There are 2 protein chains.
Amino acid sequence: MTKARSRVLAALDNAAEPLSAAGVMEAIGQSCDQATVYRALAYLEGAGLAESFVFHCDEHGTERYYVKAAAAHRHWFHCRTCHRFVDLGSCVLDSILAGYEKEYGIRVKGHALYLTGDCADCAAKAGGA
Amino acid sequence: MTKARSRVLAALDNAAEPLSAAGVMEAIGQSCDQATVYRALAYLEGAGLAESFVFHCDEHGTERYYVKAAAAHRHWFHCRTCHRFVDLGSCVLDSILAGYEKEYGIRVKGHALYLTGDCADCAAKAGGA
DNA sequence: CGTTTTTTGCAAGTCATTCGCATTTTTGAC
DNA sequence: GTCAAAAATGCGAATGACTTGCAAAAAACG
Ligand SMILES: [Mn+2]
Ligand SMILES: [Mn+2]
Ligand SMILES: [Zn+2]
Ligand SMILES: [Zn+2]
């Protein structure tokens, strides 16, 4: 584990939410080149120390986000107002996926679920109604 | 509805699965500029005649895909082998989303579910097991 | 240590998508 | 229909996220 790679892993570990490459750069204070950050993230994912997903937000565009690898597969909610991610806990789609496999004869090997809207804080601030 | 826009809409209508801008270009035989295709797709979506989602496939990269607007919200399965999309019918996530709203105090205004793996055909060809 | 292998920084390159702007098309009023 | 005003198109250049080639720097290892 090189210096750059451990700095990147530490950034993911300290973050409360998924980080994009740009977010990691910011977190480590530009202490290494962006190519190094991208390569470190790819390395960490390959080594099973991090996980990632591609997410599109109208305001932030499309980016790949990384989190430190966790025991269970999880999904995230993204707030359209404050742009924070909310951890939704471990995946609850197993039976739905099994249903699709049976219904369509497909073999589901991966999936992604993205929820967007307003987080509790932003919903409260926006409309008390 | 201009000539270019109706050609693009017709392409979406004839397609059995979501099309990327490049897919639309191919379908209409380069009969208009790519900037026009992108603008037409944005127009059609704004007019409620088409819907889109951003999807990432390791082999094809990240692209926005469009389908003709349908009555019900749907999701798609993408085959990692033949790269076709399989229509999974209308969304069955309502109760799960409602559960998340209650559990986390969030307000879910949009969501996307992507499944990947092998379609029935490819699964059959690959491993009879 | 000295050598071999891997990683890093920097610059240039990709790829999907967007933009500026001059040139058509379309639209609406007569 | 005719013509001016508004909107759409083509083309080339610009974006933004990400990747890559290559030479210099760092880690591995005997
Ligand atoms: Mn965002
Ligand atoms: Mn694909
Ligand atoms: Zn929020
Ligand atoms: Zn297939």
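Everything numeric in this text was worked out from a predicted model, so none of it was measured. Values reported hereafter were calculated over all heavy atoms of this structure, with side chains retained and with hydrogens, waters and symmetry mates removed. In what follows, chains carry the letters A, B, and so on, assigned in the order in which the sequence lines appear, proteins first and then strands, with residues in each chain numbered from 1.
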Contacts under 3.5 Å, N or O only, protein and nucleotides 8-10 of chain D:
unit_1: D:dA8; atom_1: OP1; unit_2: B:R5; atom_2: NH1; d: 2.8
unit_1: D:dA8; atom_1: OP1; unit_2: B:R5; atom_2: NH2; d: 2.8
unit_1: D:dT9; atom_1: OP1; unit_2: B:T2; atom_2: OG1; d: 2.7
unit_1: D:dG10; atom_1: OP2; unit_2: B:D33; atom_2: N; d: 3.1
unit_1: D:dG10; atom_1: OP2; unit_2: B:T36; atom_2: OG1; d: 2.4
unit_1: D:dG10; atom_1: N7; unit_2: B:R39; atom_2: NH2; d: 2.9
unit_1: D:dG10; atom_1: O6; unit_2: B:R39; atom_2: NH2; d: 3.1

(message) For a quick check of understanding: with a heavy-atom distance under 4.0 Å over all strands, which category does B:T62 fall into, base, sugar-phosphate or nothing?
(response) sugar-phosphate
(message) Using every non-hydrogen atom in the two residues, find where A:H73 and A:H75 come nearest and quote the distance to one decimal.
(response) NE2-CE1, 3.2 Å
(message) If the threshold is 4.0 Å, N to carboxylate O, is there a salt bridge linking A:D118 and B:R107?
(response) no
(request) For DNA chain C, produce a single dot-bracket line, 5' to 3'. Pairs: Watson-Crick or G-U wobble, both distances under 3.5 Å. Symbols: ( ) within strand, [ ] crossing, | other strand, . unpaired. (result) ||||||||||||||||||||||||||||||
(request) Verify whether the ring centers belonging to B:Y114 and B:F77 lie closer than 6.0 Å. (result) no
(request) Please check if the distance between the ring centroids of B:Y66 and B:F53 is under 6.0 Å. (result) no
(request) Compare every heavy atom of A:Y104 with every heavy atom of B:G89, then report the nearest pair and how far apart it is. (result) N-OH, 3.7 Å
(request) Quickly work out the A:E63 CD to D:dT19 P distance and round it to whole Å. (result) 12 Å
(message) Can you measure A:M25 atom CE to D:dC18 atom C1' for me and round it to whole angstrom units?
(response) 12 Å
(message) Less than 4.0 angstrom from a charged side-chain N to a carboxylate O is my criterion; do A:R74 and A:D87 meet it?
(response) yes
(message) Regarding A:R84 and A:D121, does a basic nitrogen lie under 4.0 Å from an acidic carboxylate oxygen?
(response) yes
(message) One pair to check against side chain to side chain contact (heavy atoms under 4.5 Å, CB included): B:V67 and B:W76. What are the steps and the verdict?
(response) CA-CA 11 Å; B:V67 287; B:W76 301 85; 3.7 Å; yes
(request) Indicate the atoms forming the closest heavy-atom contact of A:G48 with A:A69, along with that distance. (result) O-CB, 3.2 Å
(request) May I have the distance from B:Y38 (atom OH) to D:dG16 (atom C1'), rounded to whole angstrom? (result) 14 Å
(request) For A:M1 and for A:A21, find the nucleotide of DNA chain D with the closest heavy atom, then tell me which residue's nucleotide is more 5'. (result) A:A21
(request) Determine, for B:F55 and B:R64, whether the Lys NZ or Arg CZ falls below 6.0 Å from the six-membered ring centre while staying within 45 degrees of the axis. (result) no
(request) For the residue pair A:L97 and A:H111, establish whether any side-chain heavy-atom pair is separated by less than 4.5 Å. (result) yes
(request) Identify the 5'-most and 3'-most nucleotides of DNA chain C with at least one atom closer than 4.0 Å to a non-hydrogen atom of chain B. (result) C:dA16 to C:dG20
(request) Would you kindly give the CG-to-C1' distance between A:L19 and D:dA17, to the nearest whole Å? (result) 16 Å
